[in-house]
Amino acid sequence: MRKVMEERRKSPVKKGDFMEQVIKDMGVEPLYLTEDQVIYFTAGVWVATFVTNSIILSLIFKFLSDHPSVLEELRVEHEDILKSRDGSGSNLTWDEYRSSMKLTNYVINEALRFSALFPGLLRKALSDIPVNGYTIPAGCCMLIVTPVLHMNPEIYKDPFTFNPWRWKELDALTVSKYFKPFGGGARQCPGADISRAFLAVFIHVLVTKFRWTKVKGGTLVRNPLLGFRDGVHVKIWEKPQTNKTN
Ligand code: HEM
């Protein structure tokens, strides 16, 4: 990235992109952005945005390949969205996303529950915190291990089973306490809503326009981020379209 920055600083070509803006901001008085900060920040944003969604998508591919009955129901949900249109061939709408994707949201929740991408959430105790007879002293760093919450068998029966329908039974209070894929409080992930929308749109396009089959892979590992030992290899092809809607 340092090399890319150097090249971009020397280059007269204008691209109007993020890097160009950052390089411009680095020269603004008072100087507050150093080259190191820009590099760390850019790498951080790359992890926060790209790595997260691509792992969740790989999980969704894996789970749907392993559970053809869920995939079939998902197809019905999305074909129903296409059928309910007036034939004008419009694109996916906000209303459709908000009101016609129940199973899609369950599938996304279940993938997020499994993923708990990060090993946990980091927090610092600002004052002494009493917990079950113990005290976490002020100033201590804490790792709140969200994967443990997501695999609590008292909340999620057979927690290691992919079961999107479990979300039908879970009430809002339980979900708020035991489901933290995007963290919580003031530092909650600012990309939560856009990620959910992105995943739903991806699933819509995937199941209405494409077909795929898993070729190999899908073994989950945590090291410490969740990932796949051998990737998830799929063969994907476009479905012959019977009408013009999308
Ligand atoms: C499925 C996708 C994603 C997941 C599961 C995810 C998860 C998380 C988690 C668990 C945190 C820590 C929150 C906390 O400490 O309470 C976080 C922070 C953050 N995420 Fe995401 N994220 C996702 C996508 C995104 C996207 C798309 C963006 C940007 C558009 C983004 C930007 C950030 C940023 C900037 C932070 C740091 C927030 C802060 O410390 O104030 N994330 N994310």
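Hydrogens, waters and symmetry mates play no part in the numbers below; they use all other heavy atoms, side chains included. Counting starts at 1 for both ligands and their atoms, following the listed order.
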Side chain, backbone, both or neither: Ser195 near ligand 1, heavy atoms under 4.0 Å: side chain

Closest approach of any protein heavy atom to atom 29 (C) of ligand 1, naming residue and atom: Thr49 CG2, 3.2 Å

Short side-chain donor-acceptor distance under 3.5 Å, Glu77 and Thr104: yes

Set of side-chain contact (heavy atoms from CB on, under 4.5 Å) partners for Val175, sequence neighbours left out: Trp167, Leu170, Phe179

Option with minimal heavy-atom separation from atom 16 (O) of ligand 1, where the choices are Arg123, Gln188, Arg196: Arg123

Ligand-side contact atoms (ligand 1) for residue partner Ile56, heavy atom cut-off under 4.0 Å: 1 (C)

Lys3 with Glu6: basic N within carboxylate O range, under 4.0 Å: no

Contact with ligand 1 for Lys180, non-hydrogen, under 4.0 angstrom: no

Distance-only donor-acceptor check, side chains Asn105 and Arg98, under 3.5 Å: no

Close-contact set for ligand 1 against Pro181 heavy atoms, below 4.0 Å: 5 (C), 7 (C), 10 (C)

Closest approach of any protein heavy atom to atom 9 (C) of ligand 1, naming residue and atom: Phe118 CE1, 3.6 Å

Geometric class of the Trp46/Phe50 ring pair [parallel <30°, tilted 30-60°, perpendicular >60°]: parallel

For Gly184, the ligand 1 atoms whose distance to one of its heavy atoms is below 4.0 Å: 16 (O)

Atom 19 (C) of ligand 1: the protein heavy-atom neighbour that sits closest, reported with distance to 0.1 Å: Pro190 CD, 3.8 Å

Distance from atom 17 (C) of ligand 1 to nearest protein heavy atom, with residue and atom: Cys189 CB, 3.5 Å

Ligand-side contact atoms (ligand 1) for residue partner Gly183, heavy atom cut-off under 4.0 Å: 10 (C), 13 (C), 14 (C), 16 (O)

salt_bridge(Asp66, Lys214) N-O dist < 4.0 Å: yes

Donor-acceptor side-chain pairing of Gln21 and Asp25 below 3.5 angstrom: yes

Nearest non-hydrogen protein atom, atom 6 (C) of ligand 1: Phe182 CD2, 3.6 Å

